[in-house]
Amino acid sequence: MSDANGRFGNSADLFDSRLGLGGKAGVLLPDGPQIDPLKITLDQPDDFDGWREAARELVLAGVPPMSVVWQVAGDDGELFGSEGAVPPAAGGEPMFSVPKPFIDLAKAAICHSEPQRFALLYSLLWKLKANRRALEDRADPLVDRLEKLAKEVHRDAHKMHAFVRFREVEEGDGTRFVAFFEPDHHIVRREAGFFVRRFTTMRWSILTPELSIHWDPATESLTEGPGATRADAPDGDPLEETWRTYYANIFNPARLKVKAMLKEMPKKYWRNMPETALVAPLIAGARARELEMIEKAQAAPRTGGNIEGAWAALRQEAMSCTRCDLFRCGTQTVFGEGPLDARIFFVGEQPGDQEDLAGRPFVGPAGQLFDAALEKAGIERSTTYVTNAVKHFKFVLRGKKRIHSKPDTAEIEACRWWQEQERAIVRPPLTVALGATAARSLTGKTLTITKAREAPLTLADGSECWVTVHPSFLLRIPKEERRREERARFVEDLRRIRARSEELAAA
Ligand code: URA
């Protein structure tokens, strides 16, 4: 067996091997006669270990790719070739190893539904045996093809993380959370660990057409069962109502981008997600609603319906966000807070160490400076909504200290969705970007604070956005005199913001 570093056992000179095949299975040797290829049957469609073991033996025995046919146990259809043992390896040579990226690629690509995946991987392994750097040749169509397969598997996994929706089911011995999901590829076993880590304390089952997996926290065991249909999954639970309310509340027909929406949430998943029951009717009525919305724009109430429930559902969903890798960092998602009819909506950068522990924005040193400045400017923080562009604390460990690390553009973009949903619920007439990260999240552009703070911007929904410095910047200024000046400027910005907010309220 090869190990995690990708060693594939004794090396054989692949092209010079002239092996005795023991008459068990026919192979096509490089210059040999055309005879039956060797049929390899794997236990499961995602059987990486089985493939690796067979592939290693085949390579060592010098069996070229064209002489192997691969199948999965239980697959229909007669494959050309004879079932049989792999011929013995040419002995005496040292282990050969494959680069780690090949193992990662193979582990992902093997989960693809492409029937040729095993053969393609074996062809690449064959190449790697002759040239350890074969994987680096991006122009090689084989490498390209396998990378595409792996990418599609990763994408499918991402969809599964995002779109599995559990329904609560009461069973005789307690609650079980059950979800039905239809992946495109054989990813369920591969992704099981993700759900175990995420929902460790819940008893859950994920049903898919190919197989079902069940997690029992009492015994900490994950078991497999047969495939299921959607009819096997329960319908509805109270959470669904909240999600529907949420979508109905935040749906803004003027900003409807069907293509983007479909890309993020392909239609095939809609059936399993309670909130999407609304999507088709909402799209169908979008134009009419748009006109209605324009008419009512001025008078539209900023609360009503179950807006609190919608916000609570959104917050709850954010708690298990995996839109970027930062969910692995920090303790928890730090969501925004404040009244849902707030007229001023502040956006910071990301939670810091103390915010991460408290689960609330702006409670650490930057928060204290922010509070003091708000007070000086005559703004009561409790009347405003305060959130961050990025909802997880990104840090690097230095000794025992967690040192703030700036979120990158991809992380800001991934998290932007939450900020947009929060704004869609609160609908603030005035938004304030505290620093460049917040400005990027709100506008999609990289702005220079000095220039942007001169005049308000208009956001996509037509509301006003003011840009000012981030309170942490004020904490970092070393020279006292400059620090005092900059703090006074910040308070001045906040005063202008307050005045403008009052002006908008009076209009
Ligand atoms: N800095 C931020 O941007 N947000 C917080 O919540 C804390 C510090």
Side-chain angles (χ1 to χ4, degrees), residues 311 314-315 318-319 321 323-324 326-327 329-339 342 344-375 377 379-398 401-423 426 428 431-443 446-447 449 452-453 465-477 483 486-487 489-491 493-494 497:
W311 178 84
L314 182 70
R315 184 181 185 280
M319 293 301 142
C321 177
R323 294 174 72 88
C324 76
L326 289 187
F327 76 93
C329 245
T331 313
Q332 57 188 314
T333 303
V334 179
F335 205 66
E337 62 177 25
I344 308 180
F345 187 105
F346 286 102
V347 184
E349 184 200 65
Q350 63 164 355
D353 183 67
Q354 294 194 30
E355 286 80 11
D356 170 68
L357 297 174
R360 295 185 50 212
F362 283 103
V363 294
Q368 282 156 26
L369 191 149
F370 180 48
D371 285 350
L374 284 173
E375 202 182 327
I379 299 175
E380 236 180 87
R381 175 163 166 176
S382 63
T383 64
T384 70
Y385 190 93
V386 180
T387 193
N388 282 302
V390 172
K391 307 280 193 266
H392 279 105
F393 176 35
K394 181 176 177 185
F395 61 89
V396 285
L397 261 185
R398 214 165 284 152
K401 272 205 160 163
R402 305 192 300 171
I403 308 293
H404 164 276
S405 165
K406 221 173 168 43
D408 63 29
T409 311
E411 288 152 355
I412 299 169
E413 282 305 306
C415 214
R416 183 175 178 177
W417 192 81
W418 295 111
Q419 172 268 108
E420 286 181 346
Q421 306 310 306
E422 287 176 287
R423 289 189 62 255
V426 177
T431 299
V432 183
L434 298 167
T437 299
R440 162 99 215 181
S441 170
L442 287 159
T443 65
T446 304
L447 302 178
I449 302 298
R453 102 196 269 194
C465 175
W466 291 63
V467 180
T468 184
V469 292
H470 190 283
S472 297
F473 157 74
L474 303 171
L475 287 173
R476 288 194 306 264
I477 301 172
R483 196 164 61 230
E486 286 297 341
R487 288 185 186 191
R489 254 191 101 191
F490 180 53
V491 171
D493 282 354
L494 293 176
I497 286 161

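Every number for a ligand or one of its atoms is a count from 1 in the order of the listing.
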Using side chain to side chain contact (heavy atoms under 4.5 Å, CB included) as the criterion, list what pairs up with Arg416, not counting sequence neighbours. Glu413, Gln419, Glu420, Ser441

When Arg360 is tested against each of Gln354, Glu355, Glu337 for side-chain contact (heavy atoms from CB on, under 4.5 Å), which residue passes? Glu337

Do His392 and Glu411 pass the side chain to side chain contact (heavy atoms under 4.5 Å, CB included) test, and can you show the C-alpha distance, the side-chain angles, and the key distance before you say yes or no? CA-CA 10 Å; His392 279 105; Glu411 288 152 355; over 6 Å; no

Check Thr331 against Arg402 and note the closest heavy-atom contact, atom names and distance. OG1-NH1, 3.9 Å

Which pairs of nitrogen or oxygen atoms, taken one from ligand 1 and one from the protein, are under 3.5 angstrom apart?
residue  : atom  : partner : partner atom : Å
ligand 1 : 1 (N) : Gln350  : O            : 3.3
ligand 1 : 1 (N) : His470  : NE2          : 3.4
ligand 1 : 3 (O) : Glu349  : N            : 2.7
ligand 1 : 3 (O) : Gln350  : N            : 3.3
ligand 1 : 3 (O) : Gln350  : O            : 3.3
ligand 1 : 3 (O) : Asn388  : OD1          : 3.2
ligand 1 : 3 (O) : His470  : NE2          : 2.6
ligand 1 : 4 (N) : Gln350  : O            : 3.0
ligand 1 : 4 (N) : Asn388  : OD1          : 2.7
ligand 1 : 4 (N) : Asn388  : ND2          : 3.4
ligand 1 : 6 (O) : Phe362  : N            : 2.8
ligand 1 : 6 (O) : Asn388  : ND2          : 3.0

For a ring pair (Phe, Tyr, Trp, His ring centres under 6.0 Å) with His470, tell me which candidate from Phe362, Phe370, Phe490 qualifies. Phe362

Looking only at heavy atoms, which two atoms of Leu474 and Leu369 are closest? And how far apart? CD1-CD2, 3.7 Å

